[in-house]
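Naming: A, B, ... by sequence-line order, numbering from 1 per chain.
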2 protein chains.
Amino acid sequence: MSSGNFKHDLFSQFARVGKALSNGNRLELLEFIAQAERSVDELAQVAGLTMANTSQHLRVLKQAGLVTCRKEGLKVYYRLSGDDVLVLLDALRTTAERHLAEVKQLVQSYLTTRDELEPLARQELLDRARDGLVTVLDVRPEEEYAAGHVPGAINIPLQDLESHLADLDPKHEVVAYCRGPHCILAFDAVAKLRDKGFKAARLEDGFPEWRQAGMPVETTH
Amino acid sequence: MSSGNFKHDLFSQFARVGKALSNGNRLELLEFIAQAERSVDELAQVAGLTMANTSQHLRVLKQAGLVTCRKEGLKVYYRLSGDDVLVLLDALRTTAERHLAEVKQLVQSYLTTRDELEPLARQELLDRARDGLVTVLDVRPEEEYAAGHVPGAINIPLQDLESHLADLDPKHEVVAYCRGPHCILAFDAVAKLRDKGFKAARLEDGFPEWRQAGMPVETTH
DNA sequence: TTATTACTCAAGTGATTACTTGAATAGTAG
DNA sequence: CTACTATTCAAGTAATCACTTGAGTAATAA
């Protein structure tokens, strides 16, 4: 009978996945990997970690089965090992947001100082874009945009926004999006645009969620 | 601009939830709490931990926003803080099962030694039960059964199964279920029944998943 | 009142984790 | 071949974690 070992072993295995999610830097790496395949030094740079440290975090994620990697030339590219990992990350964010007062407050205070407009829902964005009422703005880096973006969206990475304001029609409302509901790129973009007199809003969440929801996706060939 | 702190703080908060999921004992407690409200010593007993240790684990789960508690008389009852926690646990299990060879192997070897029959899907169970073709057997303890069970299911806790075999119709197939896809009660029950010559199978997962899927639920008044 | 129960808190210990530093490996370029 | 780049490995340290022990706190019972 017993089976106490089976149970114990099983929960220990589940805990390995939990452990992989138990560190802020690893979660940041995961969110970044969720956008597209990433090399180790890209990841190290964006998360502000050393190569060695990043490599170790990636090893943990890999051993937990959350990411896989392939080697191409000198570089090693990491990606999520499946869509279920996106679901898991989303569940984690959702739970954190619903039950942790600290997260609510953090997002709240950031939103009110940066973005007084309510974020826009996905379907609403598609409708307004189809009617030519809004300009959809993808503020992610070029490679991410190329890997897949919201149909009709134009790509101006955040750091280029200031010098490309002329490309935008001041009469149209601008809807910015980036990597996810907690990616700060879109917040910053909206802040900058509103500062320059544009009417700007954020998409309710980011591109991975858009794709996940089964909305249409355009790629650059 | 900056906002590096916002991002960092946000991921740290998310990691708090991950940390809560990073220990096997805590996951076991969570799965047990997912069934119904539980007192601390019930939880300590089932997980084989000391009271103090259990209490500390529960504090971690509470601070991560995964459970809440209420005091009634001497006892403190813990429960999940929302359905989104069930979703999170399910995502964790799913990811672990899909990507961790160890889990696959563990479940596989356990299934093949204990349960040669394939588990039964939810809707299929309802259909067959409605037609009177199967006996649905809830092998969880009485209190859990009372808190909610599959309509028409009879309750025989695992330890009473041997002495209550006469209550079961040998002509009917028996479908057993318990707390979840990895709860060992149903495995053991099926093993015992098949040992006694019954035709027995497991429900594909357990009662929380049944409830979660919006299937009908019966309670004992 | 004292005793008992159910639980939490606090201090201590060994194990694990995150990160750093420096060396090792593998693939590419000259 | 050597030089260089991207990555991993290995060793060390400070911080954190899991668990134990023993004391402390409410709520109930005698």
Side-chain angles (χ1 to χ4, degrees), chain A residues 4 7-9 11-30 32-33 36-64 66-79 143, chain B residues 4 7-9 11-30 32-33 36-64 66-79 143:
Chain A
K7 224 166 89 175
H8 187 264
D9 291 352
F11 282 118
S12 296
Q13 292 300 327
F14 291 160
R16 271 176 61 190
V17 179
K19 278 202 186 82
L21 304 174
S22 71
N23 176 280
N25 285 330
R26 268 197 303 269
L27 289 176
E28 188 168 356
L29 292 173
L30 261 182
F32 201 66
I33 294 170
E37 261 195 350
R38 302 287 180 187
S39 67
V40 182
D41 69 342
E42 267 184 297
L43 289 164
Q45 253 188 302
V46 80
L49 304 172
T50 63
M51 282 283 282
N53 194 8
T54 305
S55 180
Q56 283 175 67
H57 280 308
L58 290 170
R59 192 167 49 92
V60 174
L61 292 174
K62 194 171 155 196
Q63 283 175 348
L66 298 178
V67 303
T68 57
C69 63
R70 73 187 169 84
K71 188 157 191 175
E72 189 183 305
L74 277 176
K75 298 197 173 185
V76 178
Y77 292 97
Y78 284 81
R79 71 180 134 189
E143 323 89 65
Chain B
K7 223 165 90 175
H8 187 265
D9 292 351
F11 282 118
S12 296
Q13 292 299 330
F14 291 160
R16 271 176 60 190
V17 179
K19 277 201 186 84
L21 303 173
S22 72
N23 176 281
N25 286 331
R26 268 197 302 270
L27 290 177
E28 189 168 356
L29 292 174
L30 262 182
F32 201 65
I33 293 172
E37 262 194 348
R38 301 289 179 186
S39 67
V40 181
D41 69 343
E42 266 185 297
L43 290 164
Q45 252 188 303
V46 81
L49 304 172
T50 62
M51 281 283 281
N53 194 9
T54 305
S55 181
Q56 282 175 72
H57 280 309
L58 290 171
R59 192 168 49 94
V60 174
L61 292 174
K62 195 171 152 195
Q63 284 175 348
L66 298 177
V67 302
T68 57
C69 63
R70 73 185 170 87
K71 187 158 190 175
E72 187 182 306
L74 277 175
K75 299 196 170 184
V76 177
Y77 292 97
Y78 284 81
R79 71 182 134 189
E143 325 88 65

**Message:** Over all strands shown, is B/Ser39 touching base, sugar-phosphate only, or nothing at heavy-atom distances under 4.0 angstrom?
**Reply:** sugar-phosphate
**Complete:** What one should report as the nearest heavy-atom pair of A/Val76 and A/Cys69 is CG1-CB, 3.8 Å
**Fill in**
To the nearest 0.5 Å, atom CG of A/Leu21 lies from atom CZ of A/Arg26 at 8.5 Å
**Message:** Please report the interatomic distance NE2(B/His57) to CG(B/Leu49), rounded to the nearest 0.5 Å.
**Reply:** 5.5 Å
**Request:** Could I get the full list of ring-ring contact (aromatic ring centres under 6.0 Å, His included) partners for B/Tyr78, not counting sequence neighbours?
**Result:** none
**Whole-Å gap separating C1' (C/dA6) and OH (B/Tyr77)** = 10 Å
**Residue pair B/Ser12, B/Arg16: steps toward the side-chain contact (heavy atoms from CB on, under 4.5 Å) verdict** = CA-CA 6 Å; B/Ser12 296; B/Arg16 271 176 60 190; over 6 Å; no
**Asked** B/Lys75 NZ to C/dT8 C1': how many Å, rounded?
**Response** 17 Å
**Message:** Is the shortest side-chain heavy-atom distance between B/Glu42 and B/Gln45 below 4.5 Å?
**Reply:** no
**Request:** Calculate, to the nearest 0.5 Å, the distance between atoms CG and CG belonging to A/Leu66 and A/Leu58 respectively.
**Result:** 11.5 Å
**Message:** Quick one, B/Glu143 with B/Arg38, criterion side-chain contact (heavy atoms from CB on, under 4.5 Å). Give me CA distance, side-chain angles, the key distance, then yes/no.
**Reply:** CA-CA 10 Å; B/Glu143 325 88 65; B/Arg38 301 289 179 186; 4.3 Å; yes
**Fill in**
Going 5' to 3' through nucleotides 18-28 of chain C and flagging B where a protein heavy-atom sits under 4.0 Å of the base, S where only the sugar-phosphate is that close, and - otherwise, we get SBBBB---BBS
**Item:** Interface limits on DNA chain D, where chain B has a heavy atom under 4.0 Å of a nucleotide atom
**Value:** D/dC17 to D/dT28
**Whole-Å distance separating the CD atom of B/Glu42 from the P atom of C/dT5** = 17 Å
